[in-house]
Every structure is written in C-alpha cells, then in structure tokens.
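First comes the structure, then the notes that go with it.
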Amino acid sequence: MKEEVLSYVENNKDRFLSELFDLLRIPSVSADPKFSGDVKQAAEYVANKLKEAGADHLEICPTKGYPVIYGEKMVDPALPTILVYGHYDVQPADPYNLWETPPFEPTVRNGKIYSRGACDDKGQVYMHIKAFELMMKTNTLHCNVKFMIEGEEEVGSQNLGLFVHENRDRLHADVILISDTSMIANDCPSIDVGLRGLAYVEVEVTGPNRDLHSGVYGGAVANPINILCKMISDCHDENNHITIPGFYDAVMAVSDTDRAELAKIPFDETEYKKDLHIAETRGEKGYSTIERTGIRPTLDVNGIWGGYTGEGAKTVLPSKAFAKISMRLVPNQSSEKISQIFSDYFKSVAPKSVTVEVRPHHGGEPVLTPTDSVAFKAASMAFETTFGKRPIPTRGGGSIPIVALFEKELGIKSVLMGFGLDSDALHSPNESYGIFNFLKGIETIPHFFYHFAQLNKN
Ligand code: BES
Ligand code: MN
Ligand code: MN
C-alpha cells in the first residue's frame with residue numbers, strides 16, 4: 001500500500017496543488033461581512049471537490065451563520081467510521097501591506113505556499129479531500145468516512161453546537177480526525193494531545209462624559225486609558241503569574257512525569273528567538289517555553305484603543321478606553337467561569353473615577369485527547385510509516401472549540417493529526433504551508449485509515 005499511495009501522490013501532485021490554489025484564491029474571511037459571498041463560494045468549492053472525489057449525500061447545510069458542508073462514504077456499516085472535521089474560513093489578512101505577495105494570490109517561494117489559509121486550515125482540509133480521492137481511486141478505503149467542514153471556526157464556531165446537536169445521528173462516528181494543528185518540525189513529527197481553551201472579553205472603561213482638554217483638566221480627572229493600562233498591568237505579578245483571585249483554582253496539575261516528558265521535546269530556544277527577532281522569551285516563572293504555551297493558562301491583550309490615534313498630536317484626555325483580552329485556558333478551567341471571574345475582578349479593582357463594562361465574546365473549552373486509544377495508535381503508526389519516526393505527543397497552545405463540543409454532544413474523542421509548523425505564521429502576514437507538509441499529509445492520512453481499520457478488527 002505504501003508504494004501505491006506514494007505513486008498516486010507523485011503522479012497527481014501538480015493537480016492537487018493547483019486545486020488548492022483555486023481554493024486559496026477565494027477570500028473566505030468569516031470575520032468580515034464584506035467577504036460573505038466569498039465564504040459561501042469557498043463552501044461550494046469544497047463541496048464540489050468532495051463530490052468529485054466520490055462523497056455521497058453531499059450537502060451544504062445552512063446555519064444561522066455560514067454553512068457546514070457534510071458528505072460521506074459508507075463502505076459498509078460494519079466497518080468503523082471516521083469523521084473528518086476542518087474549516088474553510090480564514091482569518092482576516094490585515095495588515096495587507098506586510099504581505100510580500102498578496103494574501104489571496106497563492107505564490108510558491110522556497111518550497112512553501114504563501115497565502116492566507118494555506119496552513120490554517122484550507123491546506124490541511126484539502127489534504128483530506130485528496131487523501132479521500134486517493135483511497136477511492138486506489139480502492140483502499142476500508143473505513144466509512146464522514147466529512148464535516150465548517151465556515152465559522154475563526155469566529156468561534158457559534159452555530160456549530162446547534163448543528164452538531166441536531167445532526168447527532170448523522171454525525172455518529174468512532175473517532176473524529178482533525179488536521180488543524182502543528183507538529184514540531186518536518187524531521188520531528190508530533191501529535192497534539194491537548195488544546196487550550198479560550199475566554200475572550202472586551203472591556204470598556206469610561207471616565208468623564210466627553211473628551212477633555214488634557215491641559216485644562218489633565219491631572220485632576222481620571223484618564224481611562226491610564227487606568228485601563230494600570231488595571232491590565234496589575235493582572236500579572238513580578239513572576240508573570242496571573243493575579244486574578246481564583247484564576248488558577250481549577251487548573252489540573254501536571255504530574256512530574258508528564259513534565260519530564262514535555263522537557264524531552266526537542267526545542268531550540270535560540271532558533272525560536274531568531275525566528276521572532278526577540279532577545280529573550282518571557283513568561284510565567286518556573287515554566288519552560290513549551291510549558292508556558294502548552295500546559296499553563298495566560299492572559300493577553302489582543303488590542304487596545306481609545307483617545308486620539310490619528311496623524312500628529314491632539315492634546316486630549318479621552319472619555320473612554322477599550323481593550324480586547326483573551327485568556328487561554330487549560331484543563332479543567334471553564335471559559336464561562338473564567339470570564340465571570342475576570343469580569344468580577346476587573347470591576348472590583350476599578351477606581352470610583354471610572355466605570356467598567358466587561359462583555360464576553362466567544363469561548364472554547366480546553367481538552368485532552370487520549371493517548372491510549374486505538375485512534376491515537378493508528379495515527380502514531382501512520383506517521384511512523386511516512387516520516388520514519390514515531391510522533392511525539394505534545395500540547396497545542398491554540399484552541400479548536402469543536403473538540404470539547406464533539407465530546408460533550410456526541411461522546412466522541414478526536415485525534416489531532418496536524419501537519420503545519422508553528423513557523424507557518426498562522427493568523428499573521430505571510431502565512432505559509434510547506435509543499436512537503438501538504439503532500440506528506442495526503443500520504444499519511446490513508447495510512448491512518450488503514451491502521452484504524454486494522455486495529456479495530458483485532
Ligand atoms: N487551527 C487553529 C488552532 C490551532 C493552531 C491549534 C495551532 C493548535 C496549533 C484555529 O483555527 C484557531 O485559530 N483557533 C482560534 C480559536 C477560535 C475560537 C477563534 C484560536 O486558537 O485563537
Ligand atoms: Mn484552524
Ligand atoms: Mn485559526
């Protein structure tokens with residue numbers, strides 16, 4: 001089977017790439033209503049390609065937001081079923097001027113495809129469609145497969161809970177397979193066995209009823225931007241530990257054995273700093289970089305604004321200040337509880353001279369995926385077959401809200417078989433995806449299907 005897979009990929013790779021490029025050209029930015037026509041067009045493109053590859057019962061299912069694509073191939077009801085999840089929407093490409101080549105005109109440089117969504121998640125979704133085509137064409141599909149590709153992941157998957165609930169029978173499967181994460185390096189494959197959750201809030205601090213002359217009033221009236229900055233900075237202590245009372249209460253302790261395993265993960269701090277042009281890393285005292293991004297919760301400001309930000313200088317004491325704040329969560333923190341804890345704290349520390357409003361945005365729950373399951377074993381064997389190395393279990397720092405939701409609604413666990421790299425610049429200008437990674441993914445997925453079917457027989 002190995003040879004057959006390899007030669008199919010080799011013989012069709014130019015077409016695979018050109019089809020992916022067509023998908024990348026569609027600016028399916030879910031956050032910006034200006035692109036709503038494009039998001040729908042991307043859904044149609046994906047649905048058509050799934051159909052062409054041989055999926056049955058293809059449907060572009062409407063939701064309150066963007067549609068979910070469903071398709072399936074039931075080979076035999078007695079065989080195990082794999083549900084493939086991914087997303088066809090992408091993050092906004094702003095700031096456009098920082099892209100070396102336009103975000104929606106995919107370009108190859110140094111073996112990498114540069115485009116918004118190249119890795120997150122169009123490139124990785126497309127690997128599954130082509131791996132499915134490969135298995136259909138070479139008669140090697142020995143599992144049932146269902147596809148569920150959504151268009152609102154980058155804006156919090158808020159309509160997906162209802163969709164999953166209403167379609168729980170149709171979505172029934174033995175495992176959920178997701179390629180929307182990264183591995184350590186191309187010569188060091190890994191599988192994420194956990195993802196962080198997310199609590200995202202927006203805060204509004206109001207001082208005087210109008211913008212004031214900063215000379216006439218400055219010094220006597222609270223400046224909401226100054227106050228907001230102080231409140232934000234007080235959220236961390238000198239050890240970069242979060243000071244909000246109760247914030248760490250639910251955090252599941254990671255055993256010394258697990259920490260020792262994490263410490264074994266090859267990680268080049270010098271390379272990491274070089275890639276980001278930073279002189280030093282910074283984070284919670286007592287934890288390594290891998291731990292800080294994998295097993296520890298965080299609080300970060302994503303955006304802050306208020307007052308005058310135009311050309312030149314305007315002397316103004318602003319009436320209002322705003323910030324968007326995200327907290328990454330680890331098992332067993334709850335996004336709802338953390339949002340509440342944050343909101344209570346922020347209001348309690350605000351001086352009387354201002355009023356504070358906290359509005360929660362979307363959230364997502366942290367997850368751990370099993371490492372002793374048949375699915376994990378199959379994924380591990382698949383990587384070993386195509387990379388020649390056993391993948392290392394790691395923790396992903398990002399969030400995929402649907403993973404916890406699937407578990408809650410359907411009782412099904414996921415396997416996170418991601419082929420990206422952290423250096424692919426997800427959500428940043430010049431996002432990329434290695435052609436090696438794209439093709440390796442197409443090659444590895446059929447081996448997962450094979451081993452999953454085999455292991456389920458025993
Ligand atoms: N694919 C990412 C999540 C990810 C990336 C996990 C790399 C692990 C490693 C996903 O598309 C994403 O960006 N999720 C959002 C969450 C969402 C609620 C907006 C995130 O993590 O910020
Ligand atoms: Mn993604
Ligand atoms: Mn993303």
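Indexing begins at 1, ligand by ligand and atom by atom, following the structure's order.
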Below 4.0 Å from any atom of ligand 1, is there a heavy atom belonging to D121? no

Those residues at least two apart in sequence (or on a different chain) that pass salt bridge (Lys or Arg N to Asp or Glu O under 4.0 Å) with E284 are R296

Going by an N to O cut-off under 4.0 Å, is there a salt bridge joining K122 and E431? no

I'd like to know whether the aromatic ring centres of Y88 and Y45 sit less than 6.0 Å apart in this structure. no

For atom 4 (C) of ligand 1, what's the nearest protein heavy atom and its distance? D180 O, 3.6 Å

Would one find an N or O of D120, backbone or side chain, under 3.5 Å from an N or O of ligand 1? yes

Salt bridge present between K413 and E407 (N-O < 4.0 angstrom): yes

Any salt bridge between K130 and E19, counting N to O under 4.0 Å? yes

Using a 3.5 Å distance criterion without hydrogens, assess whether the side chain of S190 forms a donor-acceptor pair with backbone atoms of I184. yes

Do any N/O atoms on H427 end up under 3.5 angstrom from N/O atoms on ligand 1? yes

Of the side chain and backbone of L426, name the one, both, or neither that has a heavy atom under 4.0 Å from an atom of ligand 1. side chain

P401 near ligand 1, heavy-atom distance under 4.0 Å? yes

Here the atoms of ligand 1 under 4.0 Å from any heavy atom belonging to E153 are 10 (C), 11 (O), 12 (C), 14 (N), 17 (C), 19 (C)

Between D256 and R259, does at least one N-O distance fall below 4.0 Å, as a salt bridge requires? no

Does this structure show an ion pair linking R168 with E409, if we count only N-O contacts that are shorter than 4.0 Å? no

Under 3.5 Å: donor-acceptor pair, side chain of N159, backbone of Y66: no

Ligand-side contact atoms (ligand 1) for residue partner H87, heavy atom cut-off under 4.0 Å: 11 (O)

Can you label the angle between the F419 ring and the F383 ring as parallel, tilted or perpendicular, going by 30° and 60°? parallel

Can you pull out the closest protein heavy atom to atom 8 (C) of ligand 1? Residue, atom name and distance to 0.1 Å, please. T181 CG2, 3.6 Å

With only distance considered, is E154 within less than 3.5 Å of ligand 1 through an N or O on each side? yes

Distance below 2.8 Å from the Mn ion (ligand 2): protein N/O/S atoms: H87 NE2, D120 OD1, D180 OD1, D180 OD2

Any atom of ligand 1 sitting under 4.0 Å from a heavy atom of R196? no

Between Y8 and F16, how do the two ring planes meet: parallel, tilted or perpendicular, split at 30° and 60°? tilted

Ligand 1 to R328, heavy atom cutoff 4.0 Å, flagged ligand atoms 20 (C), 21 (O), 22 (O)

Examine distances only and state if a side-chain atom of S255 and a backbone atom of D258 form a donor-acceptor pair shorter than 3.5 Å. yes

Regarding ligand 1, does H362 bring an N or O atom to under 3.5 Å of one of the ligand's N or O atoms? no

Given K51, K49, K73, R15, the one that forms salt bridge (Lys or Arg N to Asp or Glu O under 4.0 Å) with E133: R15

Decide whether an N or O pair under 3.5 Å exists between D192 and ligand 1. no

